[in-house]
Colleague: 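I have a structure I would like to understand better, so I am pasting it below and will then ask my questions one at a time.
The model shown is predicted, which means the values in this text are computed figures rather than measured ones. Both counts, for ligands and for their atoms, begin at 1 and track the order of listing.
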Amino acid sequence: MKAEETGHQIQRIVQCQVLWDKQSRDFYSVDASSYVVKPLAIVFPRNEKEIIKILRFASKNNIPVTPRGAGTGLVGSALGNGIILDLKHFDKIRVYSNYVQVDSGVFKGILDKKLEENGKFFGPDPSVGPYCTIGGMIATNASGGHSLKYGSTIDNLIEVRIITSSGKAINLPSKSQFDNKILKMIKPSIQKKFPFVSKNSCGYRLDKITKTTDLHKIIAGSEGTLGIIISAKLKILPLPKKKTLIILSYKNLEQAVIDSAKIVKLKPSALELIDKNIIERIKFDFPSDTGCLLFVEFDSNLVKSMIDLDKTITDAKIIKTLTKKKEITKWWNIRNSALGFSLRSITSKQSLPTLIEDATVSVEKLVLLVNIIKKISKKYKLDVITYGHAGNGNLHIRPIMKRKNKKLVKKIATEFFSKVLEIGGSITGEHGDGLARSEFVKLQYGNEVYSVFKKIKLEFDPKNILNPDKIITSKSNMTKNRKI
Ligand SMILES: Cc1cc2nc3c(=O)[nH]c(=O)nc-3n(C[C@H](O)[C@H](O)[C@H](O)COP(=O)(O)OP(=O)(O)OC[C@H]3O[C@@H](n4cnc5c(N)ncnc54)[C@H](O)[C@@H]3O)c2cc1C
C-alpha cells in the first residue's frame, strides 16, 4: 500500500492526527542514529482505542508498526517503513510515595521536575538528559551514570501496560495463563547463557524473569517488538540529601580502568570516564599529563567514602572535590556532553559510527576491553574516542572513520563483538540492538536462547507487525540504509 492510501485509510478509522506528507515522512525517517528509513504514515493516537484500531488495520494489511518516543535512540530502533506511532499524547504522571504511574510519552525531563517537587527521583539517567521519553527508556532498557547504584530501567520497572499486536491491552505481570506460558519457556539452562554483567540491552532479558511476577521485565529492552507501551509503574526514591563529586586525573585509560574495579567496591553512586579527545575540548586547566578523567560521586557515607577513596586510588590526581549542587550539575553536564564534544573533534569528511559504542563487560574485565580497543585501533589505523560508564564496565567507543566506509564498519563490528563475547560481555549495555546490532543477537546468545526469543515474539506478535527486524531478524541491516 502506498503512503497516501495508507494515510487516508487510517484517517477514516481514527479521529487523531495522521500525517503522510513528504516533509513529515522525511522528518520521521531519521532519529539520533546513522540510519534513514522512510515510513508510510505517522499517527498520533490519543487513547488506547485508537491504538487498537491502528494495530488491527496494520495486522489486516500486513503493515509494520513502529512505536516512537523522542527519537533519541542511537541504533535506529525507532525507524520503520510502515506506520510510526508517536505516543506524545500519552502524557499523564501520578506520583505516589514510593512509585510513579507514568504514561509512555512523558519526557524524562518533565518526570524529573514533577518528582523533584515531591522530593523524589527516578534512578536511571541517560546522558541525553531530559529529552528522551519513558516509553523509549523502557523499550531500550536505558540507563545512565547513576545506574551504578540505582540500576537500569528494568530494575526500576514494577508494572507495565501494553497493547499487543492483536489489539489486546494487558497489564504485566498479569498472573494469567499467558504469563505461565511464557515463564515455562524460560528454563534455568537458558538463563545461564546470559552474560554476567551489570547492564545488558541485548535481546529479551529472560535472565531477569524467574517467577510469573517478573513477567513485565520482558518488555524492558524489547524495542517495540512485543507491544506498544501505554504506561508503567516505576520505582522512585527520596532525593539524596548531600552529594560529593570527585574528579580524578589519570595519565592513561588503563590505569583509570584498573582503579575503577577497586573504586566500585566503595559503592559510589556513579563512576564515569572520559578520555583525552574529550578533555581537550573542555575549557579548564587540567594537569598537562592528563590522559583520562574519572568522575566519582558518592551520595551516602560521604566522609568515610572520601577517606577510603584516597587510600584506594593509585597514580591519580584529585583535581576537583565538589559538594555544591550547582557545581556538581555543571560538571555532570560536561560529562554528559561527551558525544557532542566527540562530534566536534572530527572533520566533515569523518564520522563516528554507532556500531561498537556500547559494549559492557564486568568492571574487573574493563582493562581487557581497553586492550581490545587498542588492538583494533592499531590494526585499522584508527583513532578511537572512549567515554562512558566505567563503574558498570560499559564503555562508549567511537572510532573516527572516513564517511560511508560501510565494509570496514561491518568488519570492525564483527571482530569487536566476538572479542567482547569471548571475555563474557554483552554487545550492548544500554542502547539496544535496533538496525545496528540485531543481526548479532544470535551470536551473543547462541541458537537455544535465540529460538526461545523467537517463540516469545510469536506469542506476543504472531504476524510480526511490531517493529519487524529489530532484535529478531534473518537480515543484515547494519550497513543498509546507513547515511554515514
Ligand atoms: C547524546 C545522547 C546520549 C545518550 N545517552 C544515553 C545513556 O546514557 N544511556 C542510555 O541508555 N541511552 C542513551 N542514549 C540513547 C537514548 O537516548 C535512549 O535509548 C532513550 O531511552 C531513547 O528514548 P526515546 O524516547 O528517544 O526513544 P526512541 O528513540 O523514540 O525509541 C527507542 C526504542 O523504543 C521504542 N519505543 C518508544 N516508545 C515506545 C512505546 N511507547 N512502546 C513501545 N516501544 C517504544 C521504539 O520503537 C524504539 O525501539 C543517548 C542518546 C543520545 C542522542
Colleague: Does any donor atom in the side chain of Thr360 or Asn394 lie under 3.5 Å from an acceptor atom in the other side chain?
Modeller: yes
Colleague: Given Lys208, which of Asn200, Asp155, Asp214 fulfils the side-chain hydrogen bond (donor to acceptor under 3.5 Å, both in side chains) condition?
Modeller: Asp155
Colleague: Can you confirm if the NZ or CZ of Lys233 lies within 45° of the ring axis of Tyr99 and under 6.0 Å from the centre of its six-membered ring?
Modeller: yes
Colleague: State, yes or no, whether a side-chain contact exists between Val43 and Cys16 at a heavy-atom distance under 4.5 Å.
Modeller: yes
Colleague: Could you tell me whether Phe194 and Tyr445 have their ring centroids closer than 6.0 angstrom?
Modeller: yes
Colleague: Between Trp331 and Phe295, how do the two ring planes meet: parallel, tilted or perpendicular, split at 30° and 60°?
Modeller: tilted
Colleague: Any atoms of ligand 1 less than 4.0 Å from a non-hydrogen atom of Leu339? List them with their elements.
Modeller: 1 (C)
Colleague: Please could you name the atoms of ligand 1 that Ser104 approaches to less than 4.0 Å, counting only its heavy atoms?
Modeller: 41 (N)
Colleague: Which of the numbered atoms in ligand 1 are below 4.0 angstrom from a heavy atom of Ala142?
Modeller: 11 (O), 21 (O)
Colleague: Nearest to atom 8 (O) of ligand 1, what protein heavy atom do you find, and at what distance?
Modeller: Ser127 N, 2.8 Å
Colleague: Decide whether an N or O pair under 3.5 Å exists between Glu430 and ligand 1.
Modeller: yes
Colleague: I'd like to check which ligand 1 atoms, numbered from 1 as shown, lie under 4.0 Å from a non-hydrogen atom of Ile228.
Modeller: 42 (N)
Colleague: Have a look at Gly224, Pro67, Gly388 and point out the one with the heavy atom closest to atom 46 (C) of ligand 1.
Modeller: Pro67
Colleague: Quick one: are Val36 and Asn481 in side-chain contact, heavy atoms under 4.5 Å?
Modeller: no
Colleague: Could you tell me the residue and atom name of the protein heavy atom closest to atom 19 (O) of ligand 1, and the distance to it rounded to 0.1 Å?
Modeller: Thr140 OG1, 3.2 Å
Colleague: With a cut-off of 4.0 Å, which atoms of ligand 1 are near a heavy atom of Gly227?
Modeller: 43 (C)
Colleague: Do Thr354 and Arg398 get their side chains close enough for a donor-acceptor pair, meaning under 3.5 Å?
Modeller: yes
Colleague: Using a plain distance cutoff, I'd like to know if Gly71 has any nitrogen or oxygen under 3.5 Å from a nitrogen or oxygen of ligand 1.
Modeller: yes
Colleague: Does an N or O anywhere in Thr133 fall below 3.5 Å from an N or O of ligand 1?
Modeller: yes
Colleague: Do Lys457 and Lys454 come close enough that some side-chain heavy atom pair is under 4.5 Å?
Modeller: no
Colleague: Report the residue from Lys325, Lys149, Lys267 that forms a salt bridge (Lys or Arg N to Asp or Glu O under 4.0 Å) with Asp299.
Modeller: Lys149
Colleague: In terms of side-chain heavy atoms, does Thr225 have a donor or acceptor partner in Tyr204 at a distance below 3.5 Å?
Modeller: yes
Colleague: Strictly by modelled atom types, are Gln17 and His89 linked by a side-chain donor-acceptor pair under 3.5 Å?
Modeller: no
Colleague: For ligand 1, which atoms, with element, lie under 4.0 Å from some heavy atom of Glu223?
Modeller: 47 (O), 49 (O)
Colleague: Could you identify the single nearest non-hydrogen protein atom to atom 24 (P) of ligand 1 and state the distance to 0.1 Å?
Modeller: Ala70 N, 3.5 Å
Colleague: Quick check on contacts: which atoms of ligand 1 are under 4.0 angstrom from a heavy atom of Asn467?
Modeller: 47 (O), 49 (O)
Colleague: Suppose we measure from atom 33 (C) of ligand 1 to each protein heavy atom; which comes out shortest, and what is that distance?
Modeller: Ser77 OG, 3.6 Å
Colleague: Looking only at protein heavy atoms, which one is nearest to atom 22 (C) of ligand 1, and what is the separation?
Modeller: Thr72 OG1, 3.4 Å
Colleague: What's the shortest distance from atom 9 (N) of ligand 1 to any protein heavy atom, and which residue and atom give it?
Modeller: Ser143 O, 2.6 Å
Colleague: So is Asp31 touching ligand 1 or not, going by heavy atoms under 4.0 Å?
Modeller: no
Colleague: Considering only the protein, which heavy-atom contact is closest to atom 41 (N) of ligand 1, and what is its distance?
Modeller: Ile229 O, 3.1 Å
Colleague: Starting from atom 34 (O) of ligand 1, what is the nearest protein heavy atom, named by residue and atom, and what distance separates them?
Modeller: Ala139 CB, 3.2 Å
Colleague: Is the shortest side-chain heavy-atom distance between Thr386 and His396 below 4.5 Å?
Modeller: no
Colleague: Going by the order shown, which atoms of ligand 1 are within less than 4.0 Å of some heavy atom of His389?
Modeller: 8 (O)
